[in-house]
Amino acid sequence: MDNRPIGVFDSGLGGLTVLKALKIALPNENFIYVGDTARVPYGNKSRKKIKQYSDQISKWLIAQDCKMVVVACNTASAIALESLRMKFSIPIIGVINSGVRRAIHLSQNSHIAVLATAATIKSDEYGKQLKALNSQIIIKNIACPLFVPLVEEGLTNDHLSLSVIKMYLKSLKNSKFDTVILGCTHYPLLKDPIQNILGDKVKLVDSGNAIVKEVEEFLMENNLMSKISQGIFHCFVTDEPESFDKIAERFLQTKLVGTSHIELF
Ligand code: DGL
């Protein structure tokens with residue numbers, strides 16, 4: 001039994017979708033969420049910067065006495081997870097591995113497409129992990145850099161987002177790809193229009209949701225579950241908290257109070 005909080009971080013707001021899923025599945029756990037709102041997006045940054053930012057956030061979460069860290073950001077998971085694990089001794093889990101396993105489980109013809117930020121696609125981390133589990137798999141990587149700003153602006157289901165989605169997914173329409181990984185924290189908010197465009201037969205994998213089971217199993221196997229029913233969560237951001245609260249309410253579908261500002265070094 002371990003009542004210390006679980007640290008969750010993302011480049012910004014998107015990881016709140018992961019926090020929401022974790023809070024529902026693990027109601028006794030306490031969470032500390034960090035959104036690096038001053039430096040978002042990570043998706044078009046260099047590997048060096050993504051590693052440096054992820055490193056600073058993890059160090060800060062560990063200083064808050066977190067029992068484990070969940071890297072909710074796909075870009076940070078793709079680029080920094082390995083170096084974080086080498087550097088820090090507490091358990092650190094990223095979103096990619098669980099998304100990969102869910103996709104392999106769902107696909108019936110081993111044709112899997114990955115939608116993600118430019119940095120995640122360039123790292124080919126999804127591709128490498130998919131191939132490691134099934135070398136026969138056919139993969140299509142699609143970078144969708146306009147999805148994040150659309151979601152941040154709240155444009156999730158209007159004519160503008162529909163045209164952008166259609167543009168990126170053109171090669172998937174009427175193709176053999178039966179499973180599509182939403183490999184970015186923001187993309188689940190575009191799930192409905194993506195599903196409409198691709199049709200009901202295509203299975204969408206929300207890598208943020210997929211990680212919940214992995215975290216739950218990890219806590220159980222290692223006897224790290226919190227036994228005191230608290231369910232407290234605190235959000236910290238690197239830019240002004242006010243605008244974060246407003247958009248975060250949309251992601252979490254709950255009212256937020258008391259988000260604090262932090263400086264990371
Ligand atoms: N959180 C990022 C991810 O999941 C998306 C936003 C960004 O580019 O920082 O890849």
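Bear in mind the structure is a predicted one, so any value in this text is a computation, not a measurement. One-based numbering, in listed order, for ligands and for the atoms of each. The figures here come from the full heavy-atom set of this structure, side chains too, leaving out hydrogens, waters and symmetry mates.
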Please tabulate protein-ligand N/O pairs under 3.5 Å for ligand 1, atom names and distances to 0.1 Å.
| residue | atom | partner | partner atom | Å |
| --- | --- | --- | --- | --- |
| ligand 1 | 1 (N) | Asp10 | OD1 | 2.7 |
| ligand 1 | 1 (N) | Ser11 | OG | 3.1 |
| ligand 1 | 1 (N) | Thr185 | OG1 | 2.8 |
| ligand 1 | 4 (O) | Asn74 | N | 3.0 |
| ligand 1 | 4 (O) | Asn74 | ND2 | 3.4 |
| ligand 1 | 4 (O) | Thr185 | N | 3.0 |
| ligand 1 | 4 (O) | Thr185 | OG1 | 3.2 |
| ligand 1 | 8 (O) | Tyr42 | N | 3.4 |
| ligand 1 | 8 (O) | Gly43 | N | 2.8 |
| ligand 1 | 9 (O) | Ser11 | OG | 2.6 |
| ligand 1 | 9 (O) | Tyr42 | N | 2.6 |
| ligand 1 | 10 (O) | Thr75 | N | 3.1 |
| ligand 1 | 10 (O) | Thr75 | OG1 | 2.5 |

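In this structure, Lys67 pairs ionically with Glu29, as a charged nitrogen and a carboxylate oxygen lie closer than 4.0 Å.
Ring geometry for Tyr42 against Tyr53 counts as tilted: the plane angle lies between 30° and 60°, on a 0 to 90° scale.
Using modelled atom types, one side-chain atom of Asp158 and one backbone atom of Ser161 make a donor-acceptor pair closer than 3.5 Å.
No single ILVMFWY cluster, assembled from side-chain heavy atoms under 4.5 Å apart, contains both Ile232 and Tyr33. Leu182 and Ile197 end up in the same hydrophobic cluster when Ile, Leu, Val, Met, Phe, Trp and Tyr side chains are linked at under 4.5 Å.
Shown here are the side chain to side chain donor-acceptor pair (under 3.5 Å) partners of Glu217, two or more places apart in sequence or in another chain: Lys213.
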